[in-house]
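For reference, positions follow the sequence shown, starting with 1.
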Amino acid sequence: MDLGLRGRAAIVTGASGGIGGATARLVAAEGAALLLVGRRREALRKVARACTEAGAGAVSVLAVDLTGPEAAERVVDAATDGLGRLDVLVNAAGASGARPLQELSDADWQEQWELNVMAPMRLMRAAAPVMAAGGWGRIVNVSSSAGKRPSGSLDMPYSVAKAGMLSLSRAFADLYAGQGVLVNAVAPGPVDGELWLAPGGLADQLAARAGTGASPSPSRSQSQSQSQSREEVLAATAARVPLGRMGREQEVAAVIAFLCSEAAANVVGAAWSVDGGAVPGII
């Protein structure tokens with residue numbers, strides 16, 4: 001299916017890996033030009049090479065901390081200067097932990113607010129008028145199923161901030177739909193990518209919280225028990241999903257790419273669940 005993205009220019013944040021990286025590769029395969037944004041320069045370059053091989057029109061990278069108040073203008077300027085236009089913005093940057101409320105400081109709450117609300121707000125505030133001037137645009141914010149139903153496993157500030165991102169998406173959708181800029185969100189459930197599976201990631205953290213003896217930074221001598229506890233956590237997580245498994249980064253990226261496309265011309269202000277049925281609702 002031709003998504004109508006050839007010749008378009010897209011910004012993808014969180015593009016150094018995870019859902020952002022998978023989205024970048026998929027949009028690249030549709031022939032779009034890309035600005036890849038993240039904190040890890042070498043990881044961005046690796047994704048950029050994959051995007052070029054996939055058929056992207058042009059690819060550039062920008063390593064930046066998006067929580068900085070001037071970062072959004074810098075990103076949008078880099079896209080318009082380097083790619084010559086701006087049609088698509090995917091806000092995929094994000095991270096979470098699995099700590100109990102008592103271990104969370106005010107700084108932890110503020111960090112999630114800055115990353116999941118203020119950073120995408122600033123990027124949309126800078127990018128949407130540029131798209132509106134051209135009469136066409138797509139913005140997709142990567143929220144979470146935890147934003148629809150607070151997670152008992154993930155950091156509480158993450159759930160709250162992701163709910164804020166959903167509200168933010170709807171507000172911008174109402175503001176810009178009449179100018180041809182369509183804003184939507186996706187809400188993934190647990191995904192078997194680096195956020196969950198990397199050493200010290202969510203699987204390790206949840207295993208440690210469960211008192212299995214796993215450590216977020218296991219030693220070599222702990223590797224066997226760590227592996228068993230990780231498997232228990234991952235199996236329990238998958239069992240809570242009606243589909244019976246965790247999602248895959250490419251599956252979320254496919255929905256994002258559709259929402260960026262010409263085919264999604266009548267989708268505005270939606271919060272698409274891509275969670276295997278994890279949240280028991282139809283809205």
Side-chain angles (χ1 to χ4, degrees), residues 1 14 17-27 29 90 92 94-100 116 140-156 158-163 165-166 169 184-216 218 223-261 263-264 267 270-283:
M1 180 179 179
I19 292 170
T23 300
R25 290 188 290 272
L26 192 52
V27 171
V90 178
S96 181
R99 295 164 294 179
N116 290 296
V140 182
N141 294 316
V142 181
S143 182
S144 169
S145 60
K148 292 190 172 187
R149 182 184 65 180
S151 171
S153 300
L154 305 182
D155 286 356
M156 190 183 294
Y158 175 83
S159 296
V160 172
K162 287 299 190 181
M165 177 184 274
L166 293 177
S169 298
N184 293 285
V186 295
V191 173
D192 64 355
E194 60 185 38
L195 181 63
W196 276 85
L197 303 182
L202 292 176
D204 288 345
Q205 293 176 45
L206 288 169
R209 278 182 60 180
T212 61
S215 168
S223 61
Q224 185 174 1
S225 61
Q226 166 70 9
S227 176
Q228 292 170 347
S229 63
R230 281 169 57 90
E231 290 304 317
E232 290 169 359
V233 167
L234 293 170
T237 300
R240 290 193 292 271
V241 178
L243 194 59
R245 63 171 177 83
M246 297 174 71
R248 302 183 180 99
E249 294 167 344
Q250 295 84 353
E251 293 170 335
V252 182
V255 176
I256 296 170
F258 169 75
L259 292 173
C260 292
S261 75
V267 184
W272 279 29
S273 294
V274 196
D275 63 1
V279 176
I282 60 173
I283 296 177

| Which residues share a side-chain contact (heavy atoms from CB on, under 4.5 Å) with Met246, sequence neighbours left out | Pro190, Asp192, Trp196, Leu234, Thr237, Ala238
| Which atom pair, heavy atoms only, marks the closest approach of Ser145 to Val279? | CB-CG2, 3.6 Å
| message | When you measure from the side chain of Gln205 to the backbone of Ala98, do you find a donor-acceptor pair of N or O atoms at a distance under 3.5 Å? | response | yes
| field | Donor-acceptor under 3.5 Å (Lys148 side chain, Ala271 main chain) | value | yes
| task | Please identify each residue that fulfils salt bridge (Lys or Arg N to Asp or Glu O under 4.0 Å) with Arg248, with sequence neighbours left out. | result | Glu251
| field | Working for side chain to side chain contact (heavy atoms under 4.5 Å, CB included), residues Leu197 and Arg230 | value | CA-CA 9 Å; Leu197 303 182; Arg230 281 169 57 90; 4.0 Å; yes
| query | What closest approach, in Å, do Gly94 and Asn116 show between heavy atoms, and which atom pair accounts for it? | reply | CA-OD1, 4.3 Å
| What pair of heavy atoms forms the shortest contact from Ala257 to Leu26, and how long is it? | CB-CD2, 3.8 Å
| What are the two closest heavy atoms between Ala163 and Gly147, and how far apart are they? | CB-O, 3.4 Å
| Sequence-distant partners of Ala270, side-chain contact (heavy atoms from CB on, under 4.5 Å), two or more places apart | Asn184, Val267, Trp272
| note | Arg99 meets the salt bridge (Lys or Arg N to Asp or Glu O under 4.0 Å) criterion, sequence neighbours left out, with Asp108, Asp155
| request: Measure the spacing between CG of Asn141 and NZ of Lys162 and express it to the nearest 0.5 Å. | output: 8.5 Å
| query | Is a donor on one side and an acceptor on the other found under 3.5 Å between the side chain of Arg25 and the backbone of Gln250? | reply | no
| Which atom of Pro188 lies closest to which atom of Val142, heavy atoms considered | CG-CG1, 4.1 Å
| task | Give a yes or no answer on whether the side chain of Arg209 reaches the backbone of Ser153 with a donor-acceptor pair at less than 3.5 Å. | result | yes
| said: I want to check something: taking the side chain as every heavy atom from C-beta on, are Ile19 and Val186 in contact at a cut-off of under 4.5 Å? | reply: no
| query | With sequence neighbours excluded, what pairs up with Asp275 under the salt bridge (Lys or Arg N to Asp or Glu O under 4.0 Å) test? | reply | none
| At what distance, to the nearest 0.5 angstrom, does CE of Met156 lie from OG of Ser96? | 12.0 Å
| field | Nearest-0.5 Å distance that lies between atom CG in Leu206 and atom OG in Ser229 | value | 10.5 Å
| field | All salt bridge (Lys or Arg N to Asp or Glu O under 4.0 Å) counterparts of Glu194, not counting sequence neighbours | value | Arg40
| request: Give the minimum heavy-atom separation between Ala264 and Phe258, together with the two atoms involved. | output: CB-O, 3.2 Å
